[in-house]
Number of protein chains: 2
Amino acid sequence: MSNIKKPALKRRRVSSSATDMAAAISQPGSIEINVKGAYIIDHEDDDEGSHGSGSGSSSPSSDHGAADEHSPQHHKRDIRLPNHTAVVSHVAADIGGSLAKVVYFSRENANAESGGRLHFLSFETEKIDDCIEYLRLLQTKYNEVNGVKANKLSVHATGGGAFKFYDRIRERLGVEVQREDEMSCLIKGLDFFITEVPTEVFTFDDTKAEDAVQYQETRSDIYPYLLVNIGSGVSMIKVSGPNEFGRIGGTHLGGGTLWGILSLLTGARSFDDMLAMADKGDNAGVDLLIEDIYGEGKSYEKIGFSDKTIASSFGKVLKRKRQAEKQAEDGNGLSNGDRDSKRLSQGGMDDGLQSNLVGDGRMFKPEDISRSLLYAISNNIGQIAYLQSEKHNLKRIYFGGSFIRGHRQTIHTLSFAINFWSKGTKQAFFLRHEGYLGSVGAFLMGRPVNWGRKGSVDPDGKEETLDWR
Amino acid sequence: MSNIKKPALKRRRVSSSATDMAAAISQPGSIEINVKGAYIIDHEDDDEGSHGSGSGSSSPSSDHGAADEHSPQHHKRDIRLPNHTAVVSHVAADIGGSLAKVVYFSRENANAESGGRLHFLSFETEKIDDCIEYLRLLQTKYNEVNGVKANKLSVHATGGGAFKFYDRIRERLGVEVQREDEMSCLIKGLDFFITEVPTEVFTFDDTKAEDAVQYQETRSDIYPYLLVNIGSGVSMIKVSGPNEFGRIGGTHLGGGTLWGILSLLTGARSFDDMLAMADKGDNAGVDLLIEDIYGEGKSYEKIGFSDKTIASSFGKVLKRKRQAEKQAEDGNGLSNGDRDSKRLSQGGMDDGLQSNLVGDGRMFKPEDISRSLLYAISNNIGQIAYLQSEKHNLKRIYFGGSFIRGHRQTIHTLSFAINFWSKGTKQAFFLRHEGYLGSVGAFLMGRPVNWGRKGSVDPDGKEETLDWR
């Protein structure tokens, strides 16, 4: 799978001070986390020694290694918050239809004044108990380090799962679960990424070979914009201001659709498997192209179609099945027509990534099928996003959500669609933490449950206890 | 499959006259067919004796019975043209990515003054040779009846296949093939249906049990409107006047996509099989609903979702597969986890309509899969059509194309989508000959190849020869 390459990072060193610390609590009830000077750390850079003995990216438990299929996926891009020096007594989870995304904070090293970092990891919602167990381990660690005098670690949850699993999380952890509004979290998270985090937001233009990815400066003049959040389904949210937004549309053809259909057709075991297959596929194996209808080299120029334009996704499937059946009937097959057609109709549906079993008599390559459907879903979202942005007069379109996963072909398709339909008048933007808008938003909103009695953010920054490491 | 019921037909008797006949050629180069007084005849009504010895709906060859899977499908709604009495020396074909639609004219009975009727039939483009053979039979019949002194029967073709199969048709029939512009034909055909044919156009509202179908009066004030033509792919055409139109968009998620994916997943052998299965299915078996994410009874009311709203088409597939695998791993299955998961991942993919083999361990019903995808594709088209109509300020949206097939669920979904998104400000219209816009348009445009030397339309109406019957 070809992912978007991370940029050459310019590491920034920002010293913390008492005045910076004060800013951390300047907006009680809103953002209690001091995000000033935030920047992205790729895990591969961890050995550069920007922090102390504890690894910033370590899990609280070694039981959850990244190699285990059932473990959480660590997003390899922590965000360093050099100026947040106070104790943070909450974690956040955005529990969606397919994935639960967790954000938590850890001190950067034993010295509180070095600030800390945000960690990002995701679980399949299907394995929500693993997620809750992970939160419990964070809680244990937190309690060990901060002792009984500290605030209890609270959980700030958003997404549908915040409702569905509310009781379960509360009971297992024995703590309050603060539910946060889903859309508010998405917007707060996105605003944070746009305004505070350098090299977070980027544009993509495949025609510029080496410079396809253009990272954007942080900016404060961000409204209005359209947020297209692509998870299992797709939500489109018009944002006119920090607290001025509304869902204007969406589509239920989203990541869950791709994942669901491809798991039936290709036997791929994970979303990443599917994306990896899509990279190797050729959609012309299943898609009906303009040249298939008009004949090669006879594009319907009057409406600006080229030969290779897709007329119908999966539109070639039946044609190829029939041709193979006809060949079998004509006696060109090794088996009789009936048996052959039975085999053919199941072509490409083996369990597992057995590409080698596909082809010839089996007809359809899982790779081609994956490519076709990835393209169809992405392009469809791009078109609807464009049309919604037209209707609501929005020029900037941010694509977020766990569907994207930094996957080059997906990003290209979405970006191309916006550029194509808008004739270059609108711009698609992407994010390196695209899947964590809601969870970061919930985290930043993380007003402690007992706020006002004893703030979870320590304004003095003097308390020497760490969080959970 | 629940199709839209045909209305109680009020048979109209219209006498022909010399003046009417003159109208038939009043617009040489444009419409040479006298469409005045056109009305729909359902084949079941044929025995009412509105015509003479020859059956109006008979094929020229008995080799092509409707029961044969490989035969053409006769559309059981001829259109009677009581005032067109002249010889017609052309047939029309609209050859698309999946279907070739043919329209031809026959005299109503031995008496020329009784007018004639239009016949509609379709072939799979994959079997284009069957279609050409049918045209050859029409040609033979035509020659037998009209003799050598008559104009040669010419073929007016549109759609991509008019290019792709141009040479083949010419060679097999030994006649000229007149290619007609695809969009022009669609618009001319639709204009004809709207302005001339009573009980052709209808609206659909499922909430009005008995009166769901409302037939529209013919009307002349038809512009502007949006035509959404759904074949293998989908084209959206803004029409401002008879010769003022342009393609404004479309989607490659169309009939070919439904057909292609479902033929892989369900083993259905025809489009109608798939629609019949969809009628029996429950999309909740594969779609992720809001209640699946939020928990039952906990709809996310802030954004107006009900529990049963679809969040993600096919979004439940992976979840159910994982659950079954887990059960198998836990020893609740009869086979080991690996074998079981293999079986499960192929659930619902049997060849043929073997619904009885699906269920329990096989997990996904072809019926549920069909319902889900039919809904996803229809709803998606409806949403894009709405957004395009918003952008281009169009209130009337006509849905045409062979995808629709008078299928109640499809029509309901499209109509519902337009009503839902537009909050009732826009209206979806449907047609009983929805698949024949292009072919009827090509037929009506059918200016004979040798027009100007010897018209194929005989202005005197005296020539006693018939066409091919």
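Because only heavy atoms are used, hydrogens play no part in the values below, and waters and symmetry mates are left out as well, while side chains stay in. None of these values were measured; they are calculated from a predicted model. Order of the sequence lines sets the chain letters (A, B, ...), proteins ahead of strands, with each chain counted from 1.
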Q: With a 4.5 angstrom heavy-atom cut-off, which part of A:Ala311 approaches chain B: side chain, backbone, both or neither?
A: backbone
Q: Using atom types as modelled and distance alone, determine if a side-chain donor or acceptor of B:Glu390 lies under 3.5 Å from a backbone N or O of A:Leu387.
A: no
Q: Do the side chain of B:Lys391 and the main chain of A:Lys391 share a donor and acceptor less than 3.5 angstrom apart?
A: no
Q: Tell me, side chain or backbone of A:Ile261 under 4.5 Å from chain B's heavy atoms, or both, or neither?
A: both
Q: Working to the nearest 0.5 angstrom, can you tell me the gap between A:Gln323 CD and B:Glu126 CD?
A: 5.0 Å
Q: Using side-chain hydrogen bond (donor to acceptor under 3.5 Å, both in side chains) as the criterion, point out the one residue from A:Thr309, A:Asn379, A:Asp287 that pairs with B:His252.
A: A:Asn379
Q: What part of B:Leu288 is in contact with chain A, defined as an atom under 4.5 angstrom from a non-hydrogen atom: side chain, backbone, both or neither?
A: side chain
Q: How far does NZ of B:Lys164 sit from CG of A:Asp292, to the nearest 0.5 angstrom?
A: 6.0 Å
Q: Is the side chain of A:Thr257 donor-acceptor paired with the backbone N or O of B:Ser313 at a distance under 3.5 Å, no angle test?
A: yes
Q: At a 4.5 Å cut-off on heavy atoms, which part of B:Leu373 comes close to chain A: side chain, backbone, both, or neither?
A: side chain
Q: Report the distance from atom OG1 of B:Thr251 to atom CG of A:Asn380, rounding to the nearest 0.5 Å.
A: 5.0 Å
Q: Here's a test for you: under side-chain contact (heavy atoms from CB on, under 4.5 Å), which of A:Val317, A:Leu318, A:Val286, A:Leu264 qualifies with B:Leu264?
A: A:Val317
Q: Less than 4.5 Å to any heavy atom of chain B: does that hold for the side chain of A:Leu258, its backbone, both, or neither?
A: neither
Q: Go through the atoms of B:Leu262 and report whether side chain, backbone, both or neither lie under 4.5 Å from a heavy atom of chain A.
A: neither
Q: Quick one: which of A:Ser372, A:Gly160, A:Gly315, A:Gly260 has the most heavy-atom pairs under 4.5 Å with chain B, could you say?
A: A:Gly160
Q: Quick one: what part of A:Phe420 sits under 4.5 Å from any heavy atom of chain B, side chain, backbone, both or neither?
A: neither
Q: Side chain, backbone, both or neither: which part of A:Ile237 has a non-hydrogen atom closer than 4.5 Å to chain B?
A: neither
Q: Donor-acceptor check, side chain of B:Lys321 to backbone of A:Ser263, threshold 3.5 angstrom: yes or no?
A: yes
Q: Looking at OG of A:Ser312 and CZ of B:Phe403, how far apart are the two atoms once the value is rounded to the nearest 0.5 Å?
A: 10.5 Å
Q: Ignoring hydrogens and geometry, is there a side-chain-to-backbone donor-acceptor pair from A:Gln383 to B:Gly250 under 3.5 Å?
A: yes
Q: State the CD1-CZ distance between A:Ile293 and B:Phe163, to the nearest 0.5 angstrom.
A: 12.0 Å
